Each structure stands twice: as C-alpha cells, then as structure tokens.
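Structure, as structure tokens:
These numbers were taken from a predicted model, which means no experiment stands behind them.
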Amino acid sequence: MNPEVSRIKDLLFEEMELALTTIASLLSMIEEEHWEYRPRENMRSLIELARHLVQVPEQELAILQEQPMEQVRSLVMSVMHVKDAAALSEVMHRGVSALKDYMNNLDEADLLHKSTAPFFAKHQPSVQIKWLIEITTHIYHHRGQMFTYMKQLGIPVSMYDLYGPASKSWTL
C-alpha cells in the first residue's frame with residue numbers, strides 16, 4: 001500500500017484510539033444515578049447515548065459491509081441492558097478492533113475505490129476510506145454530546161478528560 005495512504009488510515013485509527021481511551025475514562029466517571037438523565041424530552045438519556053456511542057464502530061462496520069437491517073438491529077439489542085462502564089467500554093474496544101481488522105485487510109484499491117451502501121440508502125454508496133472518516137467523526141460527535149451531558153450533571157470533567165495532559169498547557 002502507498003505509504004501516504006497507509007499513514008492517513010493510521011492517523012484516523014490514532015484518533016479513534018484517543019476517543020476510545022477518553023470515552024472509557026468518561027464512562028467510568030458516571031454514577032448509577034446519572035444514567036437516566038435526559039436533557040430534553042426529545043433527546044436520548046445518558047445511558048441511551050452511551051450505548052449508542054460504544055456501538056458506533058461495530059454498528060457502522062456492519063452497515064458498511066452491507067449487512068441487513070436485522071443484523072444491525074441485533075447489535076443494538078445486544079447492549080440494551082448494559083449499564084456497566086467497563087462492559088460498555090469493552091463493546092467499543094471490540095468494535096474498533098473489528099473495524100481495524102477489516103480496514104487493514106483492504107488493499108489500497110479497495111480502501112480508496114470500493115463503494116458500499118447502507119441498507120437505508122442504497123442509492124448513496126461511499127468508498128471505504130470515507131466510511132472510516134465518517135465513523136471517526138460520528139464517534140467524536142457523540143463523545144462531545146456525552147461530555148456536555150456530564151457537564152450539565154455537574155460531573156467534574158474538563159478538556160483534560162478529552163485531550164489528555166497536553167491540554168493543560170493550551171491557552172486561548
């Protein structure tokens with residue numbers, strides 16, 4: 001594989017690994033009484049958001065592999081009763097590992113040119129590298145939502161919890 005293409009893929013997985021580490025840390029800060037918090041009636045509760053977030057890699061992998069809706073639904077159902085931070089983190093670890101295996105087994109031509117479409121939008125296929133970008137941004141979107149929920153609950157989270165020690169030296 002072209003080293004530049006491989007580097008881009010590796011950088012996306014580095015970002016995903018950072019998200020994975022910080023999400024696991026954030027989840028460990030949530031107390032039992034926080035899980036049912038819902039900022040508004042038309043929004044997910046914190047536990048619903050956490051369950052969705054940790055499933056993004058595995059669920060999106062199933063979708064990009066053009067698995068049927070029933071298969072994707074079964075993934076969603078598999079975590080419906082999980083409330084433990086460690087168990088939720090494990091779901092995400094497993095999904096990132098499977099996604100990484102899939103993407104690393106693609107050759108350059110497939111990574112850059114093979115298109116697949118989700119069951120809900122067969123007329124909108126995307127190439128595999130675009131899927132990887134979308135999955136990474138999807139994870140970060142929901143991590144930001146979870147961080148905001150936690151702030152609203154008064155859980156003492158900061159930029160340090162999102163970006164690590166380097167963020168302590170940042171100034172605006």
Side-chain angles (χ1 to χ4, degrees), residues 9-65 67 69 71-103 118 120-121 126 129-172:
K9 181 178 52 135
D10 291 346
L11 287 170
L12 287 165
F13 277 116
E14 280 180 33
E15 285 301 300
M16 206 174 287
E17 291 293 335
L18 173 64
L20 181 60
T21 301
T22 57
I23 289 164
S25 177
L26 290 169
L27 287 169
S28 72
M29 300 168 76
I30 299 170
E31 301 292 330
E32 177 71 28
E33 66 269 13
H34 297 136
W35 284 126
E36 297 309 317
Y37 173 71
R38 184 182 308 271
R40 295 182 56 115
E41 185 68 28
N42 64 345
M43 296 175 73
R44 290 179 169 131
S45 68
L46 181 53
I47 189 60
E48 291 167 342
L49 175 61
R51 288 175 182 147
H52 174 71
L53 170 57
V54 301
Q55 277 199 310
V56 167
E58 188 174 36
Q59 189 175 0
E60 292 274 1
L61 176 59
I63 292 169
L64 79 86
Q65 290 178 320
Q67 298 295 320
M69 180 175 53
Q71 173 92 13
V72 175
R73 252 194 209 137
S74 73
L75 291 172
V76 172
M77 298 308 292
S78 71
V79 298
M80 287 303 294
H81 301 290
V82 178
K83 244 186 191 177
D84 175 72
L88 287 166
S89 294
E90 180 53 36
V91 169
M92 190 161 184
H93 277 281
R94 188 178 61 238
V96 168
S97 180
L99 178 63
K100 203 176 216 180
D101 287 347
Y102 172 80
M103 289 292 173
F120 52 83
S126 289
I129 192 70
K130 188 171 186 301
W131 275 105
L132 184 56
I133 293 166
E134 191 278 330
I135 293 166
T136 305
T137 59
H138 191 171
I139 290 168
Y140 272 85
H141 164 72
H142 290 306
R143 184 188 73 160
Q145 280 185 308
M146 188 167 74
F147 180 83
T148 301
Y149 279 32
M150 293 171 77
K151 281 279 205 188
Q152 291 171 337
L153 283 164
I155 299 171
V157 291
S158 69
M159 294 306 281
Y160 182 82
D161 298 302
L162 295 180
Y163 299 105
S167 65
K168 285 194 174 203
S169 64
W170 296 349
T171 58
L172 296 176

Got a second to check how far Leu162's CG is from Ile23's CD1, nearest 0.5 Å?
9.5 Å
d(Gln59 CD, His138 NE2) to nearest 0.5 Å is 7.5 Å
Flag the pair Leu53 / Leu88 as yes when at least one side-chain heavy-atom distance between them is below 4.5 Å, and no otherwise.
no
To the nearest 0.5 Å, atom CG of Leu20 lies from atom CZ of Arg143 at 11.0 Å
Name the residue from Leu99, Val72, Val56, Ile135 that meets the side chain to side chain contact (heavy atoms under 4.5 Å, CB included) definition with Leu61.
Leu99
Starting at CD1 of Ile63, measure out to CE of Met69 and round the result to the nearest 0.5 Å.
11.0 Å
Under 3.5 Å, which donor-acceptor pairs do the side chains of residues 24-34 form with other protein atoms, sequence neighbours left out?
residue : atom : partner : partner atom : Å
Ser28   : OG   : Ser25   : O            : 2.6
His34   : ND1  : Glu31   : N            : 3.1

Partners of Glu15 by salt bridge (charged side-chain N to carboxylate O under 4.0 Å, His left out), sequence neighbours excluded?
none
In short, Pro118 meets Trp131 closest at the heavy-atom pair CD-CZ2, 3.8 Å
For the atom pair CD1 (Ile47) and NE2 (His81), what is the distance rounded to the nearest 0.5 Å?
11.5 Å
Under 3.5 Å, which donor-acceptor pairs link side chains of residues 90-98 to any protein atom two or more places apart or in another chain?
none

Distance-only donor-acceptor pairs under 3.5 Å for side chains of residues 147-159, two or more places apart:
residue : atom : partner : partner atom : Å
Thr148  : OG1  : Gly144  : O            : 3.0
Tyr149  : OH   : Arg44   : O            : 2.8
Lys151  : NZ   : Val157  : O            : 3.0
Gln152  : OE1  : Tyr37   : OH           : 2.9
Ser158  : OG   : Tyr160  : N            : 3.2

Hits for salt bridge (charged side-chain N to carboxylate O under 4.0 Å, His left out) against Lys100, two or more places apart or cross-chain, chain-then-number order -> Glu17
When every non-hydrogen atom of Leu64 is compared with those of Met103, the smallest separation belongs to CD2-CE, 4.0 Å
All pairs passing salt bridge (Lys or Arg N to Asp or Glu O under 4.0 Å) where residues 46-55 contributes a residue, at least two apart:
Arg38-Glu48
From Glu58 atom CD to Ser78 atom OG, the distance as rounded to the nearest 0.5 Å
6.0 Å
Can you confirm whether Lys130 is buried at NZ, in the sense that more than 12 heavy atoms of other residues, nucleotides or ligands lie under 6.0 Å from that atom?
no
